[in-house]
Number of protein chains: 4
Amino acid sequence: MRTEQARSVSRRQKIMDSALEVFARRGYRDTAMDEIAAAAETSKGGVYFHFPSKQAIFLALLDRMANLLQGRAEAAMAAEPDPVAKFDAALLVMVRTFAGHRPLARLFLVEALGAGPDFNQRMLEIHADFAGLIERHLDEVVALGVIPPLDTHVAGKAWFGALNEVVTTWVLAEEPTDLEQHYPALRMFLLRSVGINEPSGLWRVPG
Amino acid sequence: MRTEQARSVSRRQKIMDSALEVFARRGYRDTAMDEIAAAAETSKGGVYFHFPSKQAIFLALLDRMANLLQGRAEAAMAAEPDPVAKFDAALLVMVRTFAGHRPLARLFLVEALGAGPDFNQRMLEIHADFAGLIERHLDEVVALGVIPPLDTHVAGKAWFGALNEVVTTWVLAEEPTDLEQHYPALRMFLLRSVGINEPSGLWRVPG
Amino acid sequence: MRTEQARSVSRRQKIMDSALEVFARRGYRDTAMDEIAAAAETSKGGVYFHFPSKQAIFLALLDRMANLLQGRAEAAMAAEPDPVAKFDAALLVMVRTFAGHRPLARLFLVEALGAGPDFNQRMLEIHADFAGLIERHLDEVVALGVIPPLDTHVAGKAWFGALNEVVTTWVLAEEPTDLEQHYPALRMFLLRSVGINEPSGLWRVPG
Amino acid sequence: MRTEQARSVSRRQKIMDSALEVFARRGYRDTAMDEIAAAAETSKGGVYFHFPSKQAIFLALLDRMANLLQGRAEAAMAAEPDPVAKFDAALLVMVRTFAGHRPLARLFLVEALGAGPDFNQRMLEIHADFAGLIERHLDEVVALGVIPPLDTHVAGKAWFGALNEVVTTWVLAEEPTDLEQHYPALRMFLLRSVGINEPSGLWRVPG
DNA sequence: GATGAATGAGCATTCATTCAT
DNA sequence: AATGAATGAATGCTCATTCAT
């Protein structure tokens, strides 16, 4: 029993991993279930046993990425006492997570947006989650008087959008460069944008 | 014949307008050529007489939007002598242009990403054009000593990404709000992000 | 499963048989995959499961006919010890094979040649195979001194062409006659053409 | 008037010449009227002014070739008094005519078969004309006692078929060789096939 | 659990033909 | 005579999904 359940779980994982790879390489719409099945070394029927539809696989991958990012970001923020350091940590963790999962990043930032009207609302939610995470933290920091008051709702979106664009161009580039090299500039851009002008050298890259 | 040429041009326009409407409503992939033809009140063959493929129609629409945005932005910047006011003018013009062309904005920011790998490179170019426009202007402003030195390449992308995200969430919302209401906050966010901390109230919304 | 394999094979056969009938009746180009599917009592997708393309079905039929003819011709020749009798046997077997498979004959001699540039090279090969079979045998017979030396390469083609023409006109005729009735005349024509002038039943080397 | 008529005739000719070139290069079915129009440096409507349909152009070309061949063959035969020399002259003229008009030969022997059932009856007629020409002459020669009695109907077809096959393989070859080099062997094959065994050297290739 | 086979709606594209100008 | 524009039926092929075994 235990064994069979474990086998089923690992099968599911293998299908998701294979689907991720194919989606990232061919695009969501251009990926056929046959290709996913072949990549997962199973049959089409086998895939359908574990997932009810192609959409469902895609959504599962989206959730995996969203959870990965949110979890890591929140953990990193929790680990830092200083308000500004929290931003810093979250940004770095996100850059590094994307950098380490290029196909997933592609799915998340490129394919998911264009996968059709069915996914738009889900993407809106996911974007809102991230922007909201930033927004709430900005609210705290404003409350603490660390930064001047600002429209944290827009700032949250803009913050997320700035990161998005940098990662997206990296994801779409034919020959990927090192994403992390852009972190310092992006960090300064984002901190300044919310009114944090730190004396140079005061902030260090954590970890 | 002057008349025939004019008719041909207007037919082309009508097809593009109809295609825009359908693409925005149904998504690029879910749009059938039949729907475009029907919306343009012509036949499928008629559409193919004016455009060689579905892709070509989409690319033509993309270029229309890109040219519209770039033209307006550059004109607005040229009309302002003050360096900071140039940014301001460009940002406002872009927000207003998107606000006034929601379907085109949707195509530009959402559908283009899901239209398949063929479009990715084209999108990359378009994004690079905008980011480059900002980057070049930032370089000038840095050279003038108006703002401190910074990585203008990343800043250009981030600037564009921040705008993108605000517009994208507006585009995807079920019930569109007034996009322009976010302009002041976005403006402050972006100016600060490149080191311009103006005393509040000094800058007014032009025009 | 033995059963499933058998079913799959028989399905394939049924599709080929149906396709043969439709191709022969309507011509290769005018045959729609839908018609083949309908004739095979399956769906278009079903046909595509067994064959990757319309071309592939056609080529499979071509190979079937080529193998049938070559196999029978070679078997008939092997069964006869006398050199001249070998020719005789091969010719008779080919006439009879065509006579018994009129649709296949039509495909082979009419449709295949005109099915488009893609098939030309394949047809060239098939024609060369047959002409070569005759050519090689003529070479042997020449070597044995049974017939005088001659350009066996051209003779092989001409032999095959003569047979072709007789069968082709039979195939294209509205009301088919009995093809085999032409065998004796064709036989005499071909034997004489390579220098075999037989007075009643007696074989001698001319010249 | 004279001028306009002449212009119209030459236009017609130009269309036929262009169509021949395109048909031979792309095949009948794969040739679009657009291509013919472009090759003839006119518009689609212009082509339709001179010919009512694509079929009509093809048939006109077929007739052109048939008339060319028949005319030349009959003239050559008329010019020779000797019965056997008549055959010889006809064969040589046909080989030379095909050799000098490869695209037309392709149309005549290859494309016409794939042009669809509509053309089959016409082709049958054309083949019958040629075979009949030979058959009638064979009848005469038999009547003169030059050759022994034989089934001249089948012999006519076989004669034409042998020539066909040699020309067809030449037409389909990627790199065309010199068709005429096969004439002597073909000549001997055909003469022998009807019972003419001439001492070698007696017959020379005419002019 | 898994698979091969089948389904059938859907779609981009082609193209001979027509016709107003 | 000629043209550009338009038509619309036709077609090969794809693919998510279903299901008997």
Side-chain angles (χ1 to χ4, degrees), chain A residues 4-5 7-8 11-12 29-37 40-57, chain B residues 1 3-5 7-8 11-12 15 29-38 40-57, chain C residues 1 3-5 7-8 11-12 15 29-37 40-57, chain D residues 4-5 7-8 11-12 15 29-37 40-57:
Chain A
E4 286 188 11
Q5 283 180 356
R7 191 182 306 159
S8 182
R11 259 285 199 248
R12 215 185 127 86
R29 302 298 287 251
D30 288 333
T31 294
M33 289 298 267
D34 270 318
E35 292 177 87
I36 296 175
E41 291 174 301
T42 182
S43 66
K44 228 186 316 195
V47 175
Y48 273 95
F49 181 80
H50 292 281
F51 292 90
S53 69
K54 189 177 161 187
Q55 270 201 32
I57 305 178
Chain B
M1 289 292 124
T3 320
E4 288 189 11
Q5 283 181 349
R7 190 181 305 161
S8 184
R11 258 285 199 249
R12 216 186 125 87
I15 290 169
R29 304 298 285 253
D30 289 331
T31 294
M33 288 299 267
D34 271 317
E35 293 177 86
I36 296 175
E41 291 175 299
T42 183
S43 65
K44 225 189 309 197
V47 175
Y48 274 97
F49 183 81
H50 292 280
F51 293 91
S53 68
K54 191 177 160 186
Q55 269 202 32
I57 304 178
Chain C
M1 289 292 123
T3 320
E4 288 189 10
Q5 282 181 349
R7 190 181 306 161
S8 184
R11 260 284 200 249
R12 216 186 126 87
I15 291 169
R29 302 297 285 253
D30 288 332
T31 294
M33 289 299 268
D34 273 316
E35 293 177 86
I36 296 176
E41 290 175 299
T42 182
S43 64
K44 223 189 314 197
V47 175
Y48 274 97
F49 183 80
H50 292 281
F51 293 91
S53 68
K54 190 177 160 186
Q55 270 203 32
I57 304 178
Chain D
E4 286 187 12
Q5 282 179 356
R7 190 184 305 158
S8 182
R11 258 284 199 247
R12 215 186 126 86
I15 290 169
R29 303 298 285 252
D30 288 333
T31 294
M33 288 298 267
D34 270 318
E35 291 177 87
I36 295 174
E41 291 174 300
T42 181
S43 66
K44 229 186 315 196
V47 175
Y48 273 95
F49 180 81
H50 292 281
F51 293 91
S53 69
K54 189 178 161 186
Q55 270 202 32
I57 305 178

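Small disclaimer: the values here were computed from a predicted structure and weren't measured. We name chains A, B, ... by the order of the sequence lines, and we start the count at 1 in each one.
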- Item | First of C:Gln55 and B:Thr42 reached from the 5' end of DNA chain F, by closest nucleotide | B:Thr42
- Relative to the 5' end of DNA chain F, which residue comes earlier, B:Gly46 or C:Thr31, by the nucleotide with the nearest heavy atom? B:Gly46
Please find the pair of heavy atoms, one from [X] and one from [Y], that lie closest to each other, and give the distance.
| X | Y | answer |
| --- | --- | --- |
| B:Lys54 | B:Arg29 | NZ-O, 3.7 Å |
| C:Ile15 | C:Gly46 | CD1-O, 4.3 Å |
| C:Asp30 | C:Glu35 | O-OE2, 3.4 Å |

Would you kindly give the [atom1]-to-[atom2] distance between [X] and [N], to the nearest whole Å?
| X | N | atom1 | atom2 | result |
| --- | --- | --- | --- | --- |
| C:Asp30 | E:dC15 | CG | P | 14 Å |
| C:Asp34 | E:dA9 | CG | C1' | 11 Å |
| C:Ile36 | F:dT11 | CD1 | C1' | 12 Å |
| B:Phe51 | F:dA5 | CZ | P | 13 Å |
| B:Glu41 | F:dG8 | CD | P | 14 Å |
| D:Arg29 | F:dA10 | CZ | C1' | 12 Å |
| C:Arg12 | E:dG4 | CZ | P | 17 Å |

- If you measure from CZ on C:Arg11 to CZ on C:Phe49, what distance do you get to the nearest 0.5 Å? 11.0 Å
- Spatial distance of atom OG (B:Ser43) from atom CE (B:Met33) [nearest 0.5 Å]: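 One finds 10.5 Å between OG of B:Ser43 and CE of B:Met33.
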- Item | D:Arg11 side-chain N/O to F:dA2 phosphate OP1/OP2 under 4.0 Å |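 Yes.
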- Would you mind pulling out the nucleotide paired to E:dT7, Watson-Crick or G-U wobble, both distances under 3.5 Å? F:dA16
- Query: If we call it a pair only when both distances are under 3.5 Å in a Watson-Crick or G-U wobble match, what pairs with E:dT21?
  - Reply: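 WC or wobble partner is F:dA2.
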Out of [options], which nucleotide sits closest to the side chain of [X]?
| X | options | result |
| --- | --- | --- |
| D:Tyr48 | F:dG12, E:dT13, E:dA16 | E:dA16 |
| C:Phe49 | F:dA6, E:dT3, E:dA6 | E:dA6 |
| C:His50 | E:dA5, F:dC13, E:dT17 | E:dA5 |
| D:Ala32 | F:dT17, E:dA12, E:dC15 | E:dC15 |

- Message: Within the 4.0 Å heavy-atom criterion, would you say B:Lys44 contacts the bases, only the backbone, or no part of the nucleic acid?
- Response: base
- Assign each of B:Lys54 and B:Gly45 to its nearest nucleotide of DNA chain E by heavy atoms, then name whichever residue's nucleotide is nearer the 5' end. B:Lys54
- Query: Expressed in whole Å, how much space separates the P atoms belonging to E:dG1 and F:dT21?
  - Reply: 22 Å
